[in-house]
Q: 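Quick one: the structure is below, and I'll ask about it shortly.
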Amino acid sequence: MSKEDMLSKMAKAVIDGDKEQCVSLAKDAIKKGLDLNEVIEKGYIPGVKKVGQLWEQGEYFLPELITSGECMKAAMQVLQPELKKAHIAVKSLGKVVIGTVEGDIHDIGKNLVSSILSANGFDVIDLGADVKLEKFIAAAEKEKADLICLSALLTTTMMGQKKLIELLRERKLYDRFKVMVGGAPVNQTWAYSIGAHGYAENALTAVDAAKHLLKK
Amino acid sequence: MNPTIYELIKKRTVLLDGGFGTELMKHGFPQGTCPESWNAENPEVIKQIHRSYYEAGSDAVLTNSFGGSRIKMSAYGLEKKSYELNLAAARIANEVKPKGRFLGGSIGPTGKFLKPQGEYEESEFEDSFAEQARGLNDGQADFLLIETQYDLREALCALRGARKASSLPVFVTMTFNRTPRGFFTLMGNSVSQCLKELEGQGVPAVGSNCTLNSEEMTELVGIMRGLTALPIIAQANAGKPSLSSEGEVMYSQGLENYVRFIPRMIKNGANLVGGCCGTNPDYIRRIAQIIRPS
């Protein structure tokens with residue numbers, strides 16, 4: 001099988017949600033000594049992008065998005081140790097700390113954003129749901145994050161997004177991290193009014209917005 | 001003997017209630033706590049909200065038990081209180097229910113996914129819903145409403161659980177998003193798939209709530225009417241919320257803009273109408289004036 005064939009099979013395996021195939025192709029790529037960063041960028045990621053397009057067109061739904069994220073994760077679990085062994089840095093689009101803000105237990109949307117960002121090549125640290133604002137800041141500092149993503153499903157807990165930005169300003173950390181907000185009741189106007197750097201309506205636009213914010 | 005909810009549906013358009021969460025917040029409900037806990041800790045507020053909907057003209061209101069399944073309540077560490085708080089939800093609502101009106105036991109989603117997307121088995125969902133339904137049944141709700149369902153499989157788990165625990169009528173409303181290819185649930189269930197499956201299971205009234213505004217809901221009701229002869233339930237959101245940086249919540253569809261679609265929604269085939277997020281007793285009062293002009 002040519003390299004091109006393999007790359008297109010990788011994309012297809014992600015689009016089809018075939019986890020086993022994703023893993024076995026990753027193993028083959030290692031055996032063949034392929035450039036693993038190229039495998040990720042030209043094989044798997046185009047598959048993730050196609051899944052996103054199919055979702056936007058109303059062909060795919062949440063289960064397919066979740067499955068493709070898992071496929072990508074499974075492939076990365078095979079590829080990452082090899083890259084590490086060879087002392088090759090996994091190309092990362094940036095480090096992201098993500099969570100649903102305190103008082104809010106809703107995590108479906110946040111999990112999806114987390115998974116899709118990760119599938120697209122961001123290094124994602126997911127703090128879960130109902131996360132104390134202090135914890136976001138502590139994690140972002142500790143991990144030297146580039147981006148903090150805050151999810152909120154309730155109009156009451158959206159205030160947590162605002163408070164976090166106020167805390168960053170108070171502590172002179174506002175210029176150090178970019179902040180992106182999302183969640184069903186969140187919109188661009190709100191993001192702007194509280195001083196968030198970015199807003200994403202859904203998991204797909206989150207990828208573009210994050211790339212834009214981190215200038216990738 | 002009092003007429004049943006079925007008899008009322010046959011006779012005229014049934015008016016349900018509107019948003020509950022926003023009403024709770026108006027009464028000082030603190031963020032980050034479990035709404036169902038107020039059935040025990042602050043029953044007077046819950047009763048006041050129900051009363052305000054009955055006074056506005058609701059034929060039936062829904063209990064404060066949307067998130068009362070054991071799985072959902074475990075997020076607050078209250079999983080052991082599911083039966084008790086659902087029982088309380090129905091009991092306190094019954095205390096303010098006027099004669100001849102109805103009480104629906106609200107059953108919302110777990111907020112978790114079934115395998116393979118999530119960690120749960122169908123039997124776990126079913127048990128969790130059964131326990132909730134038992135509480136609502138024992139608190140003497142008149143019917144159960146499985147609502148805001150974005151996964152048909154989960155809705156069916158809830159249906160089985162509810163039927164295991166209770167012989168009350170069980171209605172189901174699904175939540176649809178508008179996609180470039182039409183209305184689908186988050187999990188990708190089409191309107192026809194949902195109606196076919198629910199009708200096949202003998203659900204006596206079906207419909208939709210949440211996410212869509214009243215204009216979109218009106219369109220969806222028309223589509224549903226083309227697919228089923230069952231009574232249709234429609235509870236739309238008042239558009240999309242927005243929050244000022246001071247924390248004031250506004251919904252994009254104002255009251256008059258919301259209610260002007262109600263006559264067409266009914267003409268399109270809705271038999272039970274009410275509101276969802278962003279609506280309040282004022283909306284219900286106005287809808288009552290429109291559908292019962294006398």
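Every value quoted in this text rests on a predicted model; they were computed, and no experiment measured them.
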Q: Leu243(B) vs Met159(A), test: side chain to side chain contact (heavy atoms under 4.5 Å, CB included). Steps then yes/no.
A: CA-CA 9 Å; Leu243(B) 194 62; Met159(A) 290 308 276; 3.9 Å; yes
Q: Please round to the nearest 0.5 Å and tell me the distance separating atom CD of Gln188(A) and atom OG of Ser242(B).
A: 13.5 Å
Q: Go through Thr156(A) and Phe29(B) one step at a time and tell me if the side chain to side chain contact (heavy atoms under 4.5 Å, CB included) criterion holds.
A: CA-CA 10 Å; Thr156(A) 45; Phe29(B) 177 74; over 6 Å; no
Q: Could you walk me through whether Asn189(B) and Phe61(A) satisfy the side chain to side chain contact (heavy atoms under 4.5 Å, CB included) test, starting with their C-alpha distance in whole Å, then the side-chain angles of each, then the deciding distance to 0.1 Å, before giving a yes or no?
A: CA-CA 9 Å; Asn189(B) 312 117; Phe61(A) 295 93; over 6 Å; no
Q: Using heavy-atom distances under 4.5 Å, tell me whether Glu56(A) contacts chain B through its side chain, its backbone, both, or neither.
A: backbone
Q: First locate atom OH of Tyr150(B), then atom CG of Leu62(A), and finally report the distance between them rounded to the nearest 0.5 Å.
A: 9.5 Å
Q: Measure Thr189(A) against the heavy atoms of chain B and call it side chain, backbone, both or neither at under 4.5 Å.
A: neither
Q: Quick one: what part of Asn187(A) sits under 4.5 Å from any heavy atom of chain B, side chain, backbone, both or neither?
A: side chain
Q: Calculate, to the nearest 0.5 Å, the distance between atoms CG and CD belonging to Leu112(A) and Gln117(B) respectively.
A: 11.0 Å
Q: Roughly how far apart are Ile105(A) CD1 and Ser74(B) OG, rounded to 0.5 Å?
A: 8.0 Å
Q: On a heavy-atom basis, which atom in Thr155(A) and which in Pro241(B) lie closest, and how many Å separate them?
A: CG2-CB, 3.8 Å
Q: Relative to chain B, which of Val101(A), Val186(A), Ile194(A), Thr157(A) shows the most heavy atom pairs under 4.5 Å?
A: Thr157(A)
Q: Looking at CD of Gln57(A) and CZ of Arg181(B), how far apart are the two atoms once the value is rounded to the nearest 0.5 Å?
A: 10.0 Å
Q: Contact part of Met25(B) toward chain A, heavy-atom cut-off under 4.5 Å: side chain, backbone, both or neither?
A: side chain
Q: Do other residues, nucleotides or ligands put more than 12 heavy atoms under 6.0 Å from the CD atom of Glu201(A)?
A: no
Q: Just wondering, more than 12 heavy atoms not from Lys95(A) lying within 6.0 Å of its NZ?
A: yes
Q: Find the one option among Glu59(A), Glu102(A), Glu70(A), Glu64(A) whose heavy-atom pairs under 4.5 Å with chain B are most numerous.
A: Glu59(A)
Q: Side chain, backbone, both or neither: which part of Thr211(B) has an atom under 4.5 Å from a heavy atom of chain A?
A: neither
Q: Is Asn111(A) close to chain B through its backbone or its side chain, or both, or neither, when contacts mean heavy atoms under 4.5 Å?
A: neither
Q: For Lys9(A), I'd like to know if atom NZ has over 12 heavy atoms of other residues, nucleotides or ligands within 6.0 Å.
A: no
